[in-house]
2 protein chains.
Amino acid sequence: MNIGQAARDSGVSAKMIRYYEATGLIPKAARSYSGYRHYDERAIHTLRFIRRARAVGFSAVQIKKLLSLWQDRQRPAREVKQLAAEHLTEMKARISELESIAQALSQLIAHCHGDERQECPILDTLAGENSTKEFLEAHGASHMHARARRSRTK
Amino acid sequence: MNIGQAARDSGVSAKMIRYYEATGLIPKAARSYSGYRHYDERAIHTLRFIRRARAVGFSAVQIKKLLSLWQDRQRPAREVKQLAAEHLTEMKARISELESIAQALSQLIAHCHGDERQECPILDTLAGENSTKEFLEAHGASHMHARARRSRTK
DNA sequence: CTAAACCTTCCCATCGCTGGAATGTCAACC
DNA sequence: GGTTGACATTCCAGCGATGGGAAGGTTTAG
C-alpha cells in the first residue's frame with residue numbers, strides 16, 4: 001500500500017507520515033523499486049495509534065514512549081498510567097493558566113462600557129495607568145503560547 | 001537609554017525588543033553614532049503596554065491593533081472592547097477544547113487499574129482495540145498545540 | 001502516447017520566542 | 001595606552017506539528 005492510501009486509512013496525512021518517519025517516531029518504511037514507500041496493516045495500525053494519542057494531546061516524545069510500551073508485552077499498566085497521569089497534570093496546569101488569563105480578560109472587558117466614548121479601562125490597564133494595574137502583573141501566566149487552531153475541516 | 005536598560009525597565013527582553021522592532025510592532029529605535037539603539041520614556045511605556053497585552057494572551061497582530069487604538073485619541077472604547085471580546089471568545093474556545101481532551105484523558109486513566117498487570121485500557125483504547133474506541137474519535141479536538149511553558153524565572 | 005494521479009525530496013512559513021556565534025563599542029582601571 | 005568586562009550589534013538556527021508548494025520521477029488508465 002502506498003503512502004496516500006495509508007494516509008486515507010489511518011487518518012494521518014501523507015506529509016505527517018513522512019515527518020514521523022524522518023523524526024524517528026515510526027520506523028523507515030520499506031520502499032518499492034522506484035522509491036515509493038510501502039505500508040502494511042501493522043503500520044496503519046501504528047499510525048492510527050499515533051493519531052489517537054495526538055488527539056488526546058500527547059507530544060511526540062510521549063507518543064514514542066507510549067509506542068514502545070505498547071509494543072512491550074511485559075510492561076506493567078502502571079507505567080502507562082503514570083505517563084498518562086503526568087500528561088493530564090500538565091494539561092490541567094495549562095488549562096488553569098488559560099483560565100486565569102481569561103478571567104483577567106473578562107474583568108477588563110466587564111469594566112469597559114464599550115460605547116462611543118474614548119475612555120477605556122482596557123487600554124488604561126494595559127498602559128498601566130490606573131488602579132487595576134497591578135492586577136495584571138499578578139497574572140504572571142503570560143507564558144503559554146497556545147497556537148491558533150488549525151481547521152481540520154478546512 | 002540603551003536597550004539593556006530599556007529591557008530591565010520594561011520587563012521585555014532585549015532580544016524581544018529587537019524582534020518587535022524587526023517585525024514592525026514598534027517603530028525603529030533611534031540610534032547613537034555607533035549604532036546603539038536609544039529609548040526614551042515613551043518607548044518604555046509602549047513596551048510595558050505590550051508586555052501586559054501579551055500577559056493576557058493577545059497575539060502580535062492584536063497588539064498591533066491595540067497599540068494603534070491606544071495612540072488614537074479619537075477611537076471609541078467600543079472598538080477596543082470588541083477586539084478584547086473576540087480574543088476572549090477564542091481563549092474560551094481553546095479552553096473548552098483542552099477541557100474536553102483532559103476529560104477524555106481522565107476517563108482513560110480512571111479505567112486503568114495501573115498495577116503490575118499488563119492489561120491496560122489506555123493502550124487498548126489508543127490502539128482502537130476496545131469498545132471505548134469511538135469515544136476518542138468523538139473528540140476531534142486534537143488540534144490545539146498549546147506550547148510548553150517557558151520558565152520566566154530562570 | 002499522453003494525461004492524470006500518484007509519488008519523491010527539498011525548502012519555506014507559521015508563532016513567539018530563546019540561544020549562540022562573531023564582532024563592535026564603551027567605560028573603568030592600571 | 002592597553003586590557004578587561006559589560007555592554008551592544010547582526011545573523012542564523014531551532015523549537016513543534018503541521019501545511020504549502022515547487023520540481024521532478026512513476027504508475028496507470030484511456
Side-chain angles (χ1 to χ4, degrees), chain A residues 1-8 10-26 28-39 47 50-51 53-64 87 90 94 101 141-154, chain B residues 1-9 11-26 28-39 47 50-51 53-64 87 90 94 101 141-154:
Chain A
M1 188 194 303
N2 285 342
I3 201 170
Q5 192 57 47
R8 276 179 297 263
S10 65
V12 176
S13 74
K15 278 274 190 195
M16 287 313 298
I17 297 176
R18 292 191 197 100
Y19 173 76
Y20 290 151
E21 179 180 317
T23 57
L25 189 57
I26 54 176
K28 291 188 179 176
R31 303 291 189 119
S32 73
Y33 176 73
S34 57
Y36 283 22
R37 286 175 183 80
H38 182 250
Y39 299 89
L47 287 170
I50 292 173
R51 179 174 53 76
R54 294 267 331 115
V56 278
F58 284 103
S59 70
V61 171
Q62 290 171 320
I63 293 175
K64 197 152 192 185
H87 174 46
E90 284 167 24
R94 284 207 308 246
I101 295 172
S142 67
H143 298 276
M144 54 19 75
H145 304 290
R147 305 285 301 286
R149 323 177 42 257
R150 238 160 294 266
S151 61
R152 90 152 11 137
T153 54
K154 77 129 163 286
Chain B
M1 190 193 305
N2 284 343
I3 202 170
Q5 192 57 46
R8 277 179 296 263
D9 284 10
V12 176
S13 75
K15 278 270 189 201
M16 286 313 300
I17 297 176
R18 292 193 196 97
Y19 173 76
Y20 288 151
E21 180 182 316
T23 57
L25 189 56
I26 54 175
K28 291 188 181 177
R31 303 292 189 118
S32 73
Y33 178 72
S34 57
Y36 282 22
R37 285 176 184 80
H38 182 249
Y39 299 89
L47 287 170
I50 293 172
R51 180 173 52 76
R54 293 267 333 117
V56 277
F58 284 104
S59 70
V61 171
Q62 290 170 321
I63 293 175
K64 194 150 195 187
H87 174 45
E90 284 167 24
R94 285 206 306 247
I101 294 172
S142 67
H143 298 277
M144 57 11 76
H145 305 289
R147 304 284 302 284
R149 325 175 40 254
R150 237 161 295 266
S151 63
R152 88 148 17 132
T153 54
K154 103 133 175 233

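The basis for the numbers below is simple: all heavy atoms, side chains too, and nothing from hydrogens, waters or symmetry mates. In what follows, chains carry the letters A, B, and so on, assigned in the order in which the sequence lines appear, proteins first and then strands, with residues in each chain numbered from 1.
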Given C/dT9, D/dT18, D/dT26, the nucleotide with the shortest approach to the side chain of A/Met16: D/dT18
Position toward the 5' end of DNA chain C (nearest nucleotide), A/Tyr39 or B/Tyr19: A/Tyr39
Given C/dT18, D/dA17, D/dA8, the nucleotide with the shortest approach to the side chain of B/Asn2: D/dA8
Touch class at under 4.0 angstrom, heavy-atom based, for B/Ala60 against every strand present: sugar-phosphate
Nucleotide of D/dT10, C/dG16, C/dT8 approaching B/Ser59 most closely (side-chain heavy atoms): C/dG16
Distance (rounded to the nearest 0.5 Å) between A/Tyr39 OH and A/Ile17 CD1: 5.5 Å
Those residues that, when tested against B/Arg37, pass salt bridge (Lys or Arg N to Asp or Glu O under 4.0 Å) (two or more places apart): B/Glu21
Student check: side-chain heavy atoms of A/Arg54 and A/Met16 closer than 4.5 Å: no
Atom pair distance, as rounded to whole Å: CZ in A/Arg8 and C1' in C/dC7: 12 Å
Residue A/Arg54, side-chain heavy atoms: nucleotide from D/dC7, D/dA17, C/dG16 that is nearest: D/dA17
For atom CZ of A/Arg18 and atom P of C/dC7, their distance in whole Å: 7 Å
Atom pair CG (B/Leu25) and CD1 (B/Ile50), whose distance is rounded to the nearest 0.5 Å: 4.0 Å
Interatomic distance, A/Arg51 CZ vs D/dT18 P [rounded to whole Å]: 12 Å
Sugar-phosphate only, base, or nothing, as touched by A/Ser32 at under 4.0 Å among non-hydrogen atoms: nothing
Any donor-acceptor N/O pair, B/His87 side chain to B/Val56 backbone, under 3.5 Å: yes
Touch class at under 4.0 angstrom, heavy-atom based, for B/Tyr20 against every strand present: sugar-phosphate
Nearest listed nucleotide, side chain of B/Ile3, among D/dG19, D/dA8, C/dT9: D/dA8
Rounded distance (Å) that lies between atom P of C/dC15 and atom CD1 of B/Ile63: 13 Å
Gap separating the OG atom of B/Ser13 from the CZ atom of B/Arg51, nearest 0.5 angstrom: 12.0 Å
Along DNA chain D (nearest heavy atom to each residue), the more 5'-positioned of A/Lys15 and B/Tyr36: B/Tyr36
Under 4.0 angstrom between A/Arg37 side-chain N/O and C/dC7 OP1 or OP2: no
Whole-Å distance separating the CD atom of B/Glu90 from the C1' atom of C/dC15: 14 Å
Terminal axis angle for the helix from C/dC1-D/dG30 to C/dC30-D/dG1, five pairs an end, nearest 10 degrees: 40°
N or O in side chain of B/Thr23 less than 4.0 angstrom from C/dG16 OP1/OP2: no
Value in whole Å for how far the P atom of C/dC7 lies from OH of A/Tyr33: 20 Å
A/Arg31 side-chain N/O to D/dT26 phosphate OP1/OP2 under 4.0 Å: no
Rounded distance (nearest 0.5 Å) linking atom NE2 of A/His38 with atom CD of A/Gln5: 11.0 Å
Value in whole Å for how far the C1' atom of D/dA17 lies from NZ of A/Lys64: 16 Å
Gap between atoms CD1 and P, on A/Ile17 and C/dT8 respectively (whole Å): 9 Å
OP1 or OP2 of C/dT8 under 4.0 Å from side-chain N/O of A/Ser34: no
